[in-house]
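Chain naming here is simple, since letters A, B, ... match the order of the sequence lines and numbering starts at 1 in each.
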Protein chains: 2
Amino acid sequence: MKQGAATKEEKQVRQAKRDPEGVRRDILAVAMEEFSQNGLSGARIDEIAARTRTSKRMIYYYFGDKEGLYQRVLEEAYAEVRGGESELELDGLDPVAALVKLCRYTFDHHRRNPSFIRMVMIENIHHGRHMQLSENIRGLNRLAIESLEAVLKRGQEAGLFREGLNPLELHWQISALSFFNVSNAATFSFIFGDALFMPDGQETLSSHVADMVLRYVRVEHPRPGA
Amino acid sequence: MKQGAATKEEKQVRQAKRDPEGVRRDILAVAMEEFSQNGLSGARIDEIAARTRTSKRMIYYYFGDKEGLYQRVLEEAYAEVRGGESELELDGLDPVAALVKLCRYTFDHHRRNPSFIRMVMIENIHHGRHMQLSENIRGLNRLAIESLEAVLKRGQEAGLFREGLNPLELHWQISALSFFNVSNAATFSFIFGDALFMPDGQETLSSHVADMVLRYVRVEHPRPGA
DNA sequence: GGCGTTATGTACGATTCAGTTAATAATGTG
DNA sequence: CACATTATTAACTGAATCGTACATAACGCC
């Protein structure tokens with residue numbers, strides 16, 4: 001025990017001076033900020049280097065080149081926002097409440113992660129070239145569909161939801177509304193005013209997204225006894 | 001009269017050799033392609049120059065600098081896609097048909113103008129900085145709200161649509177679904193497959209967007225006689 | 001038909017910026 | 001202690017690229 005603790009303390013002491021993982025994380029965090037603000041070609045390696053507690057040399061030491069760094073930042077962005085859905089515990093809720101919760105969670109989640117949204121926007125500008133080089137991104141998001149599918153199924157079995165619904169399509173719809181809310185806030189609010197993007201407006205949008213999805217999936221004339 | 005005609009013909013002859021407006025349009029068209037593909041910092045002036053039938057010198061002659069050109073391209077993108085809605089003649093249709101037509105038009109319109117979508121994405125990455133310097137962009141899109149408002153009103157008066165609907169919010173919803181379909185096609189199809197983006201899938205999405213909006217605005221229990 | 005204005009081409013300057021070199025040193029490991 | 005790994009710094013290179021200087025051609029007007 002004492003020995004183990006000593007080792008751990010030694011490591012902490014060591015990490016104060018030599019901390020490869022910490023340096024990597026530091027670089028990634030700063031690079032995420034720079035890339036998400038300025039895009040791949042707009043980002044400046046020198047700027048990233050200046051804002052880290054390490055040097056430009058270290059960036060090349062760990063990430064090879066600019067594209068390598070960008071790719072790792074993209075992976076990091078996807079990794080950070082994964083999970084979450086799995087902790088919603090939708091199975092414990094009735095289908096309607098579960099769907100509402102999922103919609104609201106997605107909306108808020110996107111809203112709270114503008115850097116992620118911007119990275120995805122940038123990657124789409126690049127036609128998704130870089131994410132195709134990454135192995136792990138693909139797998140992460142599949143879960144969203146599965147949990148949605150489970151909720152749909154339960155709703156259908158309870159006679160609450162329509163038949164013939166496509167979970168992937170529903171995910172597309174929820175994502176579209178939640179994503180656009182962040183991605184296009186600048187141009188939309190410039191043209192039409194920012195009322196929808198103030199706290200009250202956002203709360204309204206959030207609830208109406210859930211409302212819209214619900215109205216879309218519900219049967220037209222529910223049997224009261226179902 | 002004859003003098004006027006002669007002058008016009010002379011101008012046409014002259015334009016065969018010296019055609020300032022043609023040169024400007026040529027530059028703008030090429031620049032739109034370059035900027036929408038590569039973004040502001042990613043675009044190359046030399047590349048644009050090489051693809052025009054004129055020279056780099058002319059770009060600076062007419063547009064000042066790179067940002068000036070970008071700004072004009074952005075304006076051009078918004079200008080090209082304006083109108084349209086006004087030619088839909090929604091007033092002649094019953095409210096339900098009008099709303100469906102508007103949804104489908106918006107969806108298809110976005111789909112057919114990927115360069116415009118990409119310019120808007122890029123401008124959002126830049127927090128809408130450049131569009132704020134442009135006078136005319138703001139006015140163009142207001143019409144969309146007005147025609148939507150008229151349809152809603154007619155629907156409500158006919159007892160078909162719910163009260164308390166916000167036209168701006170509805171426009172936000174229709175735009176979100178139609179925009180996301182183009183803007184995020186690369187990342188979405190990479191992660192979840194491209195079924196939704198094949199012709200059949202797109203047709204389904206298009207009709208379901210209209211369906212979703214309709215279900216959202218319709219009264220729950222319509223009076224058959226209304 | 002000369003002269004100012006507008007339009008155009010070429011070549012070059014100046015700068016920015018990704019990536020490297022080279023020298024050095026601290027730390028941990030066997 | 002030899003030796004690999006991790007870290008740091010500053011100066012440098014070379015290519016890419018924005019923008020300009022300069023020369024000049026066409027046109028429009030008086």
Problem set entry | From C:dA7, D:dT20, C:dA18, nucleotide with atom closest to A:Tyr60 side chain | C:dA18

Exercise. Looking at the side chain of A:Arg57, which of C:dG19, D:dT6, C:dA22 is the nearest nucleotide?
Worked result: C:dA22

Exercise. So, does B:Asp26 use its side chain to make a donor-acceptor pair with the main chain of B:Arg53 at under 3.5 Å?
Worked result: yes

Exercise. Less than 4.0 Å between a side-chain N and a carboxylate O, is that true for B:Glu146 and B:Arg142?
Worked result: no

Exercise. Would you call B:Arg104 and B:Glu203 a salt bridge, using N to O less than 4.0 angstrom?
Worked result: yes

What's the [atom1]-[atom2] distance between [X] and [N], to the nearest Å?
{"X": "B:Ile48", "N": "D:dG19", "atom1": "CD1", "atom2": "C1'", "value": "14 Å"}
{"X": "A:Asp46", "N": "D:dA11", "atom1": "CG", "atom2": "C1'", "value": "13 Å"}
{"X": "B:Tyr62", "N": "C:dA7", "atom1": "OH", "atom2": "P", "value": "4 Å"}
{"X": "B:Asp26", "N": "C:dA7", "atom1": "CG", "atom2": "P", "value": "15 Å"}
{"X": "A:Lys66", "N": "C:dC17", "atom1": "NZ", "atom2": "P", "value": "9 Å"}
{"X": "A:Met58", "N": "C:dG19", "atom1": "CE", "atom2": "P", "value": "16 Å"}
{"X": "B:Arg24", "N": "C:dT6", "atom1": "CZ", "atom2": "C1'", "value": "14 Å"}
{"X": "A:Asn38", "N": "C:dC17", "atom1": "CG", "atom2": "P", "value": "11 Å"}

Exercise. C:dT16 phosphate, OP1 or OP2: any side-chain N/O from A:Arg44 under 4.0 angstrom?
Worked result: no

Problem set entry | Side-chain N,O (B:Thr54) to OP1/OP2 (C:dA7) below 4.0 Å | no

Exercise. How do B:Asp65 and A:Ser55 order along DNA chain D: which one's closest nucleotide is nearer the 5' end?
Worked result: A:Ser55

Exercise. Taking atom types as modelled, is there a side-chain donor on A:Gln173 or B:His208 under 3.5 Å from an acceptor on the other?
Worked result: no

Exercise. Under 6.0 Å between ring centres, would you say that holds for A:Tyr70 and A:Phe63?
Worked result: no

Exercise. So what does B:Ala49 touch, heavy atoms closer than 4.0 Å: a base, only the sugar-phosphate, or nothing?
Worked result: nothing

Problem set entry | Side chain B:Lys56 and base D:dG19 donor-acceptor under 3.5 Å | yes

